[in-house]
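Working notes for the structure below.
When reading the values below, keep in mind they use all heavy atoms of this one structure, side chains included, and skip hydrogens, waters and symmetry mates.
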Amino acid sequence: MLRSLRLKDFAPEEEYVYLTYSLKNDKKEETKILLENYKVLLQKALDWLWEKTKVERREVKKGKKVFKKLKIQLPKKKKVYKTLRDELEKVNVLASHYVDKAISDAFSILKSWKRRAEKEQASLRKPTLKKVYVRVKSTLRKVEGKSVRITVRPYDYTIFSWSNTWFSRRIKGLELGEPIIKEDKVYLPFRYKLPWFTPLDFLAIDSNLYTLDAYDGDKFITFSLKELYSLKYGMELKRGRIQRFASKHGKKGKVLMRKYSHREKNRVMDYIHKFVNKLLEMYPITMFAVEKLNKREMFEDASDSLSKKISKTVWRSIHRLLKYKAPLYGSFVKEVNPHLTSRSCPRCGWVSRKVGRTFRCERCGFTLDRQLNASLNIYLKMCGFPHIRDIPRVWVGVIPLKGRRRRNGALPRDFGEVQGLRINMKYYENL
């Protein structure tokens, strides 16, 4: 038992970031054989596993209420793997390693369907395959200089080269992962080993409709996203006109709609990439705290007008891209539960039932803008400072500004002082 408790190495574990770049698939005839045959393998594996899947509805009592809970039991991979592999080998015309990949992908599809079905987000019908892609295992690819050789069948290879691409200099010295082959493109993920950094700064970000309000332990910063919101609003108006055109012109309208959707996505992502790059350049080697938001729950409590505004936000895209790029700058991203961040006092922990534009604590008199108060509470959650409600005279955590209740009972001067420290950043002026 003592041997198992020994530490083999005190060095931190190695971490990697995958930088993915795309190539145009100029070997469509050769990859078509691979995609079609792999689809046959994957469909047969999915059908075989679906027959072994059990779906049950159970009654669960909670107090006096009775709920029907869905339970899905998938076959265990270790028990059925050998039998399923022998079945797939009978129809396989590709290299044998593609059979193993098809089994793994089939299990992955069913596990994803199970999670959604148990949350009542998917039907109980068998998942269908639409556009199939192939993730090539490391045993089926070989890197030769600035090209990769992919095995389709025994002694039958396909070669893709990135020697004349725009990203060839960026990936110099990086290790290639598992290429992904689609009908029109080939995606090449390259692995970048992260250097070890200790965060020097901290930044807590509160996401709002038109702004991102942040607190870095010293000052408040407001990042304006109004141009991104207006970009989404303008595109929505154009989309309405194109949809009316597409409903009357059939195939031509569908092509135009597909082209416009692609353009809309590219413009939004271009803005987000530039915004995140500027933010990381401004705060390198930083621990970022963002809210773990759920739009589905927001739509349930919001009015129709607010729901339309929320639908135009791209909070998750910004958070996801920030989490992806942060390690390249020696930074990290931590997700924080946003519950009661705008309604609780950062000093004493008192929770207000109703909050307008300004938060006012009825216990200690702390007054602050609601959005700035949320960023401050996110900062406290990131740092792990709890509130002590039993001792109202003890201030726990970070006290950002001076100011206590005056003798005559008037509100403290925190709100005005904070507004003086607030900095507005409009990144789109520099894009």
Side-chain angles (χ1 to χ4, degrees), residues 16 18-49 84-113 126-172 174-192 251 254-255 258-259 261-263 265-266 269:
Y16 297 90
Y18 285 88
L19 307 175
T20 304
Y21 300 94
S22 62
L23 290 173
K24 186 178 180 181
N25 188 356
D26 54 356
K27 307 286 180 63
K28 290 187 177 181
E29 294 182 0
E30 299 173 13
T31 56
K32 186 178 180 180
I33 299 172
L34 173 61
L35 291 170
E36 288 179 353
N37 286 281
Y38 185 77
K39 186 176 182 180
V40 172
L41 287 175
L42 185 57
Q43 185 65 58
K44 185 167 184 179
L46 196 61
D47 295 340
W48 195 90
L49 292 172
L84 178 56
R85 196 179 193 284
D86 294 338
E87 290 291 327
L88 295 182
E89 282 288 3
K90 296 178 182 178
V91 297
N92 181 36
V93 297
L94 304 173
S96 296
H97 287 282
Y98 287 107
V99 174
D100 303 325
K101 193 63 181 174
I103 296 174
S104 299
D105 288 348
F107 270 102
S108 178
I109 291 170
L110 287 176
K111 286 179 182 178
S112 176
W113 166 81
K126 182 177 64 175
T128 56
L129 300 178
K130 295 180 180 179
K131 291 185 178 180
V132 177
Y133 63 88
V134 180
R135 186 187 295 273
V136 182
K137 295 178 64 176
S138 57
T139 53
L140 294 169
R141 62 112 178 100
K142 182 179 180 182
V143 179
E144 299 174 342
K146 293 185 177 181
S147 61
V148 56
R149 190 187 72 179
I150 295 172
T151 304
V152 179
R153 300 169 180 169
Y155 306 104
D156 183 10
Y157 308 104
T158 302
I159 299 175
F160 295 98
S161 176
W162 62 83
S163 58
N164 296 323
T165 58
W166 63 273
F167 57 85
S168 58
R169 293 183 180 180
R170 291 189 178 185
I171 60 176
K172 189 176 181 181
L174 301 185
E175 182 183 352
L176 178 66
E178 297 182 347
I180 300 172
I181 300 177
K182 292 187 176 183
E183 293 181 2
D184 54 345
K185 287 187 178 182
V186 178
Y187 294 90
L188 304 175
F190 291 89
R191 191 169 72 169
Y192 170 73
K251 187 176 180 180
K254 290 182 180 179
V255 173
R258 193 182 306 116
K259 180 180 178 181
S261 299
H262 186 69
R263 183 189 302 171
K265 182 180 177 181
N266 283 348
M269 290 307 300

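The side chain to side chain contact (heavy atoms under 4.5 Å, CB included) check on P127 picks up W50, I109, L110, W113, with sequence neighbours excluded. Remark: K90 pairs with E87 by the salt bridge (Lys or Arg N to Asp or Glu O under 4.0 Å) rule, at least two apart or across chains. Applying the side chain to side chain contact (heavy atoms under 4.5 Å, CB included) criterion to K111, with sequence neighbours excluded, gives L74, R115. A search for side chain to side chain contact (heavy atoms under 4.5 Å, CB included) contacts involving V93 returns N37, not counting sequence neighbours. Listed by chain and number, the residues in a side chain to side chain donor-acceptor pair (under 3.5 Å) with N92 amount to none (sequence neighbours excluded). The side chain to side chain contact (heavy atoms under 4.5 Å, CB included) test applied to S261 returns R239, M257, not counting sequence neighbours. Remark: Y98 engages no residue in a side chain to side chain donor-acceptor pair (under 3.5 Å) (not counting sequence neighbours). With sequence neighbours excluded, no residue satisfies side chain to side chain donor-acceptor pair (under 3.5 Å) with E36. Applying the salt bridge (Lys or Arg N to Asp or Glu O under 4.0 Å) test to R85 and every residue at least two apart in sequence or in another chain returns E89, D100.
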Practice task
I would like to know whether K101 and L140 meet side-chain contact (heavy atoms from CB on, under 4.5 Å); could you show each step before the answer?
Solution key: CA-CA 11 Å; K101 193 63 181 174; L140 294 169; over 6 Å; no
Practice task
Please report the C-alpha distance between K126 and D47 in whole Å, then the side-chain angles of each, then the deciding distance to 0.1 Å, and finally whether the side-chain contact (heavy atoms from CB on, under 4.5 Å) criterion is met.
Solution key: CA-CA 8 Å; K126 182 177 64 175; D47 295 340; 2.7 Å; yes
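Taking every heavy atom of both residues into account, K28 and T31 meet most closely at O-OG1, 3.2 Å. Nearest heavy-atom pair across L176 and P179 is CD2-CG, 4.3 Å. For the pair L49 and A106, the tightest heavy-atom approach, listed with the atom from each and the gap, is CD1-CB, 3.8 Å. The two residues A45 and A102 come nearest to each other via the heavy atoms CB-O, 4.3 Å.
Listed by first then second residue, pairs satisfying side-chain hydrogen bond (donor to acceptor under 3.5 Å, both in side chains) with a partner in residues 176-191 read E175-R191, not counting sequence neighbours. Within the structure, ring pair (Phe, Tyr, Trp, His ring centres under 6.0 Å) pairs that include any residue of residues 19-49 comprise Y21-W166, Y21-F167 (at least two apart or interchain).
Summarising the geometry, atom CG belonging to L129 is positioned 5.0 Å from atom CG belonging to L42; distances are rounded to the nearest 0.5 Å. For the atom pair R135 CZ and S108 OG, the distance stands at 9.0 Å (nearest 0.5 Å). In this structure, the separation between CG on L84 and CD1 on I103 is 4.0 Å, given to the nearest 0.5 Å. Note that CD1 of I171 and OG1 of T20 are 11.0 Å apart. Values are rounded to the nearest 0.5 Å. Put simply, CG on L88 and OG on S96 are 11.0 Å apart, with the number rounded to the nearest 0.5 Å.
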Would you mind writing out the side-chain donor-acceptor pairs for residues 150-165 within the sub-3.5 Å range, not counting sequence neighbours?
unit_1, atom_1, unit_2, atom_2, d
T158, OG1, E30, OE1, 3.3
S161, OG, K146, O, 3.3
S161, OG, S163, N, 3.3
S161, OG, S163, OG, 3.2
T165, OG1, W162, O, 2.7

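In terms of modelled atom types and a separation under 3.5 Å, the side chain of R170 and the main chain of L19 share no donor-acceptor contact.
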